[in-house]
Amino acid sequence: MSNSPQQLAKASKATIQAVRGMNDLLPKDAPLWQFLEDVTREVFEQYGYCLMRTPIVEPTPLYVRSLGEVTDVVEKEMYSFEDGLSGEKLTLRPEATAGLVRAAIEHNLLYDGPKRIWTWGPMFRHERPQKGRYRQFHQFGVEALGFAGPDVDAEQITMLARLWKRLGFSNIELQINSIGDLAARKAHRDALVVYFEAHQDQLDEDAKRRLYTNPLRTLDSKNPKMQDLANAAPKLADYLGEAERAHFDGVKSRLDAAGVVYQVNPRLVRGFDYYNRTVFEFIGRGNDWELAIAGGGRYDGLVEKMGGKPAPSCGFGIGVERVIMLLQETRQPSSSMLDAYVVYAAEAEAQACGIAEQLRDCGLAVAVHGAADGGIGSFKSQMKKADGSGARFAIILGSDELATGKISLKNLADGEQALATLDEAILLLQSISSPST
RNA sequence: GUGGCCGUGGUGUAGCGGUUAGCACUACGGAUUGUGAUUCCGUCAGCGAGGGUUCGAUUCCCUUCGGCCACCCCA
């Protein structure tokens with residue numbers, strides 16, 4: 001019904017836009033993303049985490065089983081559809097953990113012991129878009145599968161703290177909490193429901209709606225009228241057993257030892273059902289916003305629940321777009337990676353391309369001038385382009401250079417220009433070329 | 001998903017029933033022989049889309065698409 005011939009005809013005239021909440025990464029923003037990807041990979045590798053990748057599309061039941069049937073994500077935010085060709089029920093992944101766990105089980109990844117892994121890519125959730133919240137967004141996902149002790153919890157939190165430091169962030173807040181094991185959570189939840197039922201008359205609309213679905217959220221209510229009620233409610237901490245408390249203490253003492261500053265937030269919870277014990281969240285603050293930039297926790301039962309052998313685990317996700325927002329506020333745009341920009345007269349066009357190829361053979365980054373209209377333009381306009389490209393040097397090929405068999409090499413930073421042979425130019429360019437190329 | 005605010009060249013904006021839709025930045029071209037700045041001159045480029053009201057709509061109304069904010073939730 002949404003694609004009547006009339007509507008299609010109309011649509012065919014209008015320009016086609018990107019799907020709502022799904023953004024293009026434009027060239028001007030790419031360097032920042034690449035910087036973040038590079039630094040993140042380096043930090044993860046420092047801790048022995050290995051890259052792996054899973055498909056963007058998974059069978060829908062994977063998420064229903066792992067995240068929990070009554071979670072918001074599963075109930076109303078998943079891009080689920082039926083493959084018209086096979087009839088399979090599929091879902092665009094809303095998070096990374098379930099797919100990684102599925103793959104770990106499918107390939108028996110844990111047969112010779114626990115594994116530290118990470119991944120990265122787009123995730124999809126059908127929410128109303130806002131700043132820092134998109135329908136296609138990107139996450140780094142990190143999982144330590146098969147580790148039972150509090151050491152990996154602390155390791156991952158410490159790793160994130162190191163990442164923020166490497167990225168130059170200072171205004172990051174860390175909140176941690178223990179939500180206990182399943183039994184403790186269930187006992188606490190039941191007590192909460194009983195408590196709220198006994199105070200039905202004081203509940204606001206949200207609280208009533210969430211009474212049986214997500215009573216924990218009511219503890220976090222922003223409604224001032226609910227504060228007293230929430231404060232007097234049963235506390236999760238009182239339901240934690242000895243082992244759970246010891247685990248949490250283990251995490252905290254390791255963070256203390258590593259010098260990682262944190263705040264215990266007894267109301268911190270996660271949106272997915274599979275979490276237990278340690279949960280944590282890093283809050284980033286920009287000029288006019290405050291959002292979680294990374295969050296995670298322990299999920300001791302998930303691997304077993306998904307059909308694998310029991311493998312207590314811990315993991316987290318980083319919101320790439322949100323980290324990029326912070327980077328945009330704290331970092332200057334990075335400079336071009338070009339070593340040279342070739343400017344040439346019409347009769348030197350063939351030589352320009354040839355010389356550029358020879359320079360690239362030597363590992364240099366070289367752009368050859370090209371104009372929108374297919375011509376090449378004056379030397380003046382070519383030099384403007386050379387300047388705008390951010391290249392360190394301009395290589396000038398005109399009739400004079402052709403006649404002498406040399407090239408002119410102009411340092412765009414200080415304006416120095418000299419004639420040189422190609423070999424001399426290569427040596428000079430290599431000596432100032434950035435080592436990463 | 002609910003409620004609210006908002007869509008003017010690539011960017012930031014002025015105008016708000018009849019205007020050649022103004023300004024700034026950017027881009028492009030030029031200011032004597034083959035050279036990046038500044039300055040000066042010039043040029044390109046816009047009312048998100050679709051209906052309606054009207055003699056006439058960028059301006060008013062509706063729908064839609066998109067952005068942002070709050071809620072919800074979360075990275």
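The structure presented is a predicted model; accordingly, all values stated were derived computationally and were not measured. Below, chains carry the letters A, B, ... as their sequence lines are ordered, and counting in each starts from 1.
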Sub-4.5 Å side-chain heavy-atom contact between A:R254 and A:E155: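 SC-SC contact between A:R254 and A:E155 ruled out.
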Test item: A:P129 and A:R135 side chains (from C-beta on) under 4.5 Å apart, heavy atoms: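 Yes, side chains in contact.
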Whole-Å distance between [N] [atom2] and [X] [atom1]?
{"X": "A:L291", "N": "B:C68", "atom1": "CG", "atom2": "P", "answer": "12 Å"}
{"X": "A:F137", "N": "B:C73", "atom1": "CZ", "atom2": "C1'", "answer": "11 Å"}
{"X": "A:Y341", "N": "B:U35", "atom1": "OH", "atom2": "C1'", "answer": "13 Å"}
{"X": "A:W164", "N": "B:A75", "atom1": "CH2", "atom2": "P", "answer": "13 Å"}
{"X": "A:N23", "N": "B:A75", "atom1": "CG", "atom2": "P", "answer": "19 Å"}
{"X": "A:D24", "N": "B:G66", "atom1": "CG", "atom2": "P", "answer": "14 Å"}
{"X": "A:R20", "N": "B:G7", "atom1": "CZ", "atom2": "P", "answer": "16 Å"}
{"X": "A:K384", "N": "B:U38", "atom1": "NZ", "atom2": "C1'", "answer": "11 Å"}

Watson-Crick or G-U wobble mate for [N], both contacts under 3.5 Å:
{"N": "B:U13", "value": "B:G22"}
{"N": "B:U2", "value": "B:A70"}
{"N": "B:U43", "value": "B:A27"}
{"N": "B:U64", "value": "B:G48"}
{"N": "B:U32", "value": "none"}

Residue met sooner reading RNA chain B from 5', once A:G319 and A:S378 are mapped to nucleotides: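 Its nearest nucleotide being more 5', the pick is A:S378.
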Earlier contact from the 5' end, RNA chain B, for A:H126 and A:G317: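 So the residue in question is A:H126.
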Sole candidate of A:D181, A:T278, A:D153, A:N276 that passes side-chain hydrogen bond (donor to acceptor under 3.5 Å, both in side chains) when paired with A:R298: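 For A:R298, the side-chain hydrogen bond (donor to acceptor under 3.5 Å, both in side chains) test succeeds with only one of A:D181, A:T278, A:D153, A:N276, which is A:D153.
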Are OP1 or OP2 of [N] and a side-chain N or O of [X] less than 4.0 angstrom apart?
{"X": "A:R128", "N": "B:C72", "result": "no"}
{"X": "A:Q130", "N": "B:A70", "result": "yes"}
{"X": "A:S381", "N": "B:G29", "result": "yes"}
{"X": "A:R322", "N": "B:A75", "result": "no"}
{"X": "A:K380", "N": "B:G30", "result": "no"}

Closest to the [X] side chain: [options]?
{"X": "A:K76", "options": "B:G34, B:C72, B:G36", "value": "B:C72"}
{"X": "A:M383", "options": "B:G34, B:G36, B:G30", "value": "B:G36"}
{"X": "A:P129", "options": "B:G67, B:G1, B:C69", "value": "B:G67"}
{"X": "A:R125", "options": "B:A75, B:G67, B:G30", "value": "B:A75"}

Determine the contact category for [X]: base if any of its heavy atoms lies under 4.0 Å from a base atom, sugar-phosphate if only primed atoms, P, OP1 or OP2 are that close, otherwise nothing.
{"X": "A:I293", "value": "sugar-phosphate"}
{"X": "A:G141", "value": "nothing"}
{"X": "A:Y134", "value": "base"}
{"X": "A:G377", "value": "nothing"}
{"X": "A:I396", "value": "base"}
{"X": "A:A386", "value": "nothing"}
{"X": "A:A292", "value": "sugar-phosphate"}
{"X": "A:G388", "value": "nothing"}
{"X": "A:E77", "value": "sugar-phosphate"}

Under 3.5 Å, is there a donor on one side chain and an acceptor on the other for [X] and [Y]?
{"X": "A:Y239", "Y": "A:E244", "value": "no"}
{"X": "A:Y79", "Y": "A:Q136", "value": "no"}
{"X": "A:E329", "Y": "A:W289", "value": "yes"}

[atom1] spacing across the pair [N] / [M], given as an integer number of angstrom:
{"N": "B:C23", "M": "B:G9", "atom1": "P", "answer": "16 Å"}
{"N": "B:U11", "M": "B:C68", "atom1": "P", "answer": "15 Å"}
{"N": "B:U58", "M": "B:A49", "atom1": "P", "answer": "10 Å"}
{"N": "B:C6", "M": "B:U53", "atom1": "P", "answer": "25 Å"}
{"N": "B:C62", "M": "B:G7", "atom1": "P", "answer": "15 Å"}
{"N": "B:U13", "M": "B:G30", "atom1": "C1'", "answer": "28 Å"}
{"N": "B:G10", "M": "B:G42", "atom1": "P", "answer": "23 Å"}
{"N": "B:U8", "M": "B:G67", "atom1": "P", "answer": "14 Å"}

Enumerate donor-acceptor pairs with a distance under 3.5 Å from any side-chain N or O in residues 406-414 of chain A to protein atoms, sequence neighbours excluded.
| unit_1 | atom_1 | unit_2 | atom_2 | d |
| --- | --- | --- | --- | --- |
| A:S408 | OG | A:E401 | OE2 | 2.5 |
| A:N411 | OD1 | A:A413 | N | 2.8 |
| A:N411 | OD1 | A:D414 | N | 3.4 |
| A:D414 | OD1 | A:E416 | N | 2.9 |

Ignoring hydrogens and angles, are the base of [N] and the side chain of [X] linked by a donor-acceptor pair under 3.5 Å?
{"X": "A:K385", "N": "B:G36", "result": "no"}
{"X": "A:Q17", "N": "B:A49", "result": "no"}
{"X": "A:E401", "N": "B:G34", "result": "yes"}
{"X": "A:Q382", "N": "B:U35", "result": "no"}
{"X": "A:R133", "N": "B:A75", "result": "no"}

Parallel, tilted or perpendicular: rings of A:F282 and A:F280 (30°, 60°):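 The rings of A:F280 and A:F282 stand perpendicular, inter-plane angle above 60°.
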Between A:W118 and A:F44, ring centroids under 6.0 Å: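 Yes, ring centres under 6.0 Å apart.
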